[in-house]
Amino acid sequence: MNGMVLIIDDEKKICSLLSRIIELEGFKTLQANTGKEGLKLLKSNDVSIVISDVKLPDVNGVALVKDIKAIKPYVEIINLTAYGTIADGVLAIKNGAFDYLVKGDDNEKIIPLLYKAMDKSNLQRRVSDLENKITRKHSFDTIIGQSKTLKEAIDLAKKVSTTDTTVLLLGETGTGKEVFAQSIHYESPRAAKPFVALNCSGFSPDLLESELFGYKAGAFTGANKDKKGLLEEANGGTLLLDEIGEMNLDLQAKLLRVLESQTFIKVGDTQTQQVNVRILAATNKDLKADALSGKFRSDLYYRLSVFTITLPPLHERKADIPALATYYLKEFANKVNRSAPKMDDKILSILSGHSWKGNIRELKNVIERLVILSDGDVLSTAALPPEFFEFTPIENDYNLQQIEKQHIQKVLIHTKGNKTETSRLLGIGLTTLYRKIEEYQIREV
């Protein structure tokens, strides 16, 4: 079956003839004799293409194109008319019609046109499905946790997401500020436009300006051609400025101009450019204190903090740890193609009692390591990082050095001797890893 075609024409003979021709090509058809009847069938059936006469008893078929697109944007419309005019043809295409044909000229054109329209409709469906998946992935419903402080933050974010207001996200490293920013974007009217994130701490001042505003060819050595900045890339959508507290004062002044006038100038250019972008900012610093001390522009701070949301650290929402741990447990088990080990009360108690200075990011890394190092059906406490044993009784059969040596050996085997990856998984520096290998006389993998 090639798909479903809805034919709208007040002449029943034409409807029946078109239906027979189209069904011979493997398409399924529906017939309607008025615009109102056609829209009713459109809403209740999986239609991909509409073939509509321009002259209908209750509505102009060219105007009907807008109504069809409003109901199902992926549906392609072909307008048919007995007396075609250039003005009607232009308006039909402008309204979103796939094509505009004069009756009598359509006998040879209609079938090839149907296949082209079906290909476009199917492509738009796939794009729409992908956009919906992305939206669902970044919706507020996917944020894990039921604690009061988290719910309060989510409620605030939901309220502001429907507006164009600038939002300042505050919270310790690893509390999920970018996750909140994405949710705000994908539940806003800008959801179909780009979401772009820029970490201000990852660039020198000059590079940060180039990344943000872009540059003209010849602006500096190596600038061989014009480059779009992230402001342009995010046009129509949302730009997250992460670690905004690291931005230097000169660049802060230029950002203030963007917030106030939605205009900017590329590096090396003299022309002002207009942009339509929503700015979200995030930081783990006390930005208000920095503004009072002169480390951050006070005018920019007050412009950014129109709406402030503070995300709670993990140690303030310990009731959410079991749900978060279970989520990441399943995720990492799927990655290594194994069934998810169980978490017994003992390990849950240890996880809930930890201080989690690295917040959710630290929890995620710990669960990844537990999945790698636990051989049985239950997560092993022996697979926890060494720092956990500073607060937790150690089994009699082990001492701290033995456990640490075992950790390192298992991770080295898992990474096939890749010391950089091993140090990342263990959460220690590379030089520390080499020292431990020598100290414990661990054999190279």
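Counting from 1, the numbers follow the sequence of the chain as shown. A quick note: this is a predicted structure, and the numbers were derived from the prediction, not measured. Basis for what follows: all heavy atoms, side chains included, without hydrogens, waters or symmetry-related copies.
- Looking at every heavy atom in both residues, Leu251 comes nearest to Pro205 through CD2-O, 4.3 Å.
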Donor-acceptor contacts, no H, no angles, side chain residues 367-376, under 3.5 Å, sequence neighbours left out:
residue : atom : partner : partner atom : Å
Arg369  : NH1  : Leu425  : O            : 2.5
Arg369  : NH1  : Leu426  : O            : 2.7
Ser374  : OG   : Leu370  : O            : 2.8
Ser374  : OG   : Ser380  : N            : 3.0
Asp375  : OD2  : Lys410  : NZ           : 3.1

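- No side-chain heavy atom of Ile7 sits under 4.5 Å from any side-chain heavy atom of Leu30.
- The pair Arg424-Glu421 meets the salt-bridge criterion, since a charged nitrogen lies less than 4.0 angstrom from a carboxylate oxygen.
- Closest non-hydrogen pair, Pro312 versus Arg317, comes out as CG-CD, 3.9 Å.
- Not counting sequence neighbours, Asn45 has no partner by the side-chain hydrogen bond (donor to acceptor under 3.5 Å, both in side chains) test.
- Considering only heavy atoms from C-beta on, Leu231 stays 4.5 Å or farther from Val196 through its side chain.
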Run Ile71 and Lys43 through side chain to side chain contact (heavy atoms under 4.5 Å, CB included) and show every step you take. CA-CA 7 Å; Ile71 296 167; Lys43 291 175 183 176; 3.7 Å; yes

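- Scanning for ring-ring contact (aromatic ring centres under 6.0 Å, His included) contacts around Phe332 gives an empty result, with sequence neighbours left out.
- The side-chain heavy atoms of Thr308 and Val167, taken from C-beta on, include no pair separated by under 4.5 Å.
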When you look at Arg125 and Asp46, which way does the salt bridge (charged side-chain N to carboxylate O under 4.0 Å, His left out) test go after all the steps? CA-CA 11 Å; Arg125 279 179 189 251; Asp46 188 20; 2.7 Å; yes

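- Contact annotation: the side chain of Leu259 approaches that of Leu300 to within less than 4.5 Å [non-hydrogen atoms, C-beta and beyond].
- Annotation: ring pair (Phe, Tyr, Trp, His ring centres under 6.0 Å) contacts involving residues 147-167, sequence neighbours excluded, are absent.
- Every residue two or more places apart in sequence or in another chain that forms a side chain to side chain contact (heavy atoms under 4.5 Å, CB included) with Ser161 is listed here: Phe140, Ile184, Glu187.
- Remark: Arg303 engages no residue in a side-chain hydrogen bond (donor to acceptor under 3.5 Å, both in side chains) (not counting sequence neighbours).
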Per-pair distances, 0.1 Å, donor-acceptor, side chain in residues 145-156, under 3.5 Å, sequence neighbours excluded:
residue : atom : partner : partner atom : Å
Gln146  : OE1  : Lys151  : NZ           : 3.1
Ser147  : OG   : Asp320  : OD2          : 2.7

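- Taking the ring-ring contact (aromatic ring centres under 6.0 Å, His included) definition, one finds that Tyr327 meets it with nothing, sequence neighbours left out.
- The closest side-chain heavy-atom distance from Ile93 to Phe98 is not below 4.5 Å.
- Across all non-hydrogen atoms, the minimal contact from Gln262 to Val277 is OE1-N, 2.8 Å.
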Steps toward side chain to side chain donor-acceptor pair (under 3.5 Å) verdict (Glu25, Tyr115): CA-CA 10 Å; Glu25 293 293 322; Tyr115 281 105; 2.9 Å; yes

With side chain to side chain donor-acceptor pair (under 3.5 Å) as the criterion, how do Arg190 and Asn276 come out once you've worked through the C-alpha distance, each side chain's angles and the decisive distance to 0.1 Å? CA-CA 10 Å; Arg190 296 175 177 265; Asn276 173 18; 2.8 Å; yes

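- Ile437 and Lys419 make their closest contact through CD1-CE, 4.0 Å (heavy atoms, listed as atom of the first residue, atom of the second, distance).
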Let's go through Asn199 and Ser201 carefully: what are the C-alpha distance in whole Å and the side-chain angles of both, what is the deciding distance for side chain to side chain donor-acceptor pair (under 3.5 Å) to 0.1 Å, and is it a yes or a no? CA-CA 6 Å; Asn199 189 320; Ser201 66; 2.5 Å; yes

Hey, mind stepping through Leu113 and Leu101 against side chain to side chain contact (heavy atoms under 4.5 Å, CB included) and telling me if it holds? CA-CA 10 Å; Leu113 201 59; Leu101 294 178; 3.6 Å; yes

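- No salt bridge links Lys346 with Asp344; every basic N to acidic carboxylate O contact stays at or beyond 4.0 Å.
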Does the side chain to side chain contact (heavy atoms under 4.5 Å, CB included) test come out yes or no for Cys200 and Leu208, once each step is laid out? CA-CA 7 Å; Cys200 299; Leu208 183 58; 4.1 Å; yes

Give the C-alpha distance, both sets of side-chain angles, the deciding distance and a yes or no for salt bridge (charged side-chain N to carboxylate O under 4.0 Å, His left out) between Glu172 and Lys177. CA-CA 9 Å; Glu172 296 177 7; Lys177 295 187 289 295; over 6 Å; no

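- Here salt bridge (charged side-chain N to carboxylate O under 4.0 Å, His left out) pairs that include residues 254-266, with residues two or more places apart or in two chains, are Glu209-Lys254, Glu232-Lys266.
- Listed by chain and number, the residues in a side-chain hydrogen bond (donor to acceptor under 3.5 Å, both in side chains) with Ser121 amount to none (sequence neighbours excluded).
- Using a 4.5 Å heavy-atom cutoff, the side chains of Met247 and Ile244 are in contact.
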Begin with the C-alpha distance, continue with both residues' side-chain angles, and end with the deciding distance and a verdict on salt bridge (charged side-chain N to carboxylate O under 4.0 Å, His left out) for Lys285 and Glu246. CA-CA 9 Å; Lys285 288 190 168 186; Glu246 302 298 329; 3.3 Å; yes

Residues 211-226, side-chain donor-acceptor partners within the protein, below 3.5 Å, at least two apart:
residue : atom : partner : partner atom : Å
Lys216  : NZ   : Asp226  : OD2          : 3.2
Asp226  : OD1  : Ala217  : N            : 2.8

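- For Thr173, the side-chain hydrogen bond (donor to acceptor under 3.5 Å, both in side chains) partners two or more places apart in sequence, or in a different chain, are Asn284.
- Pairing each heavy atom of Gly96 with each of Val65, the nearest pair is C-CG1, 3.7 Å.
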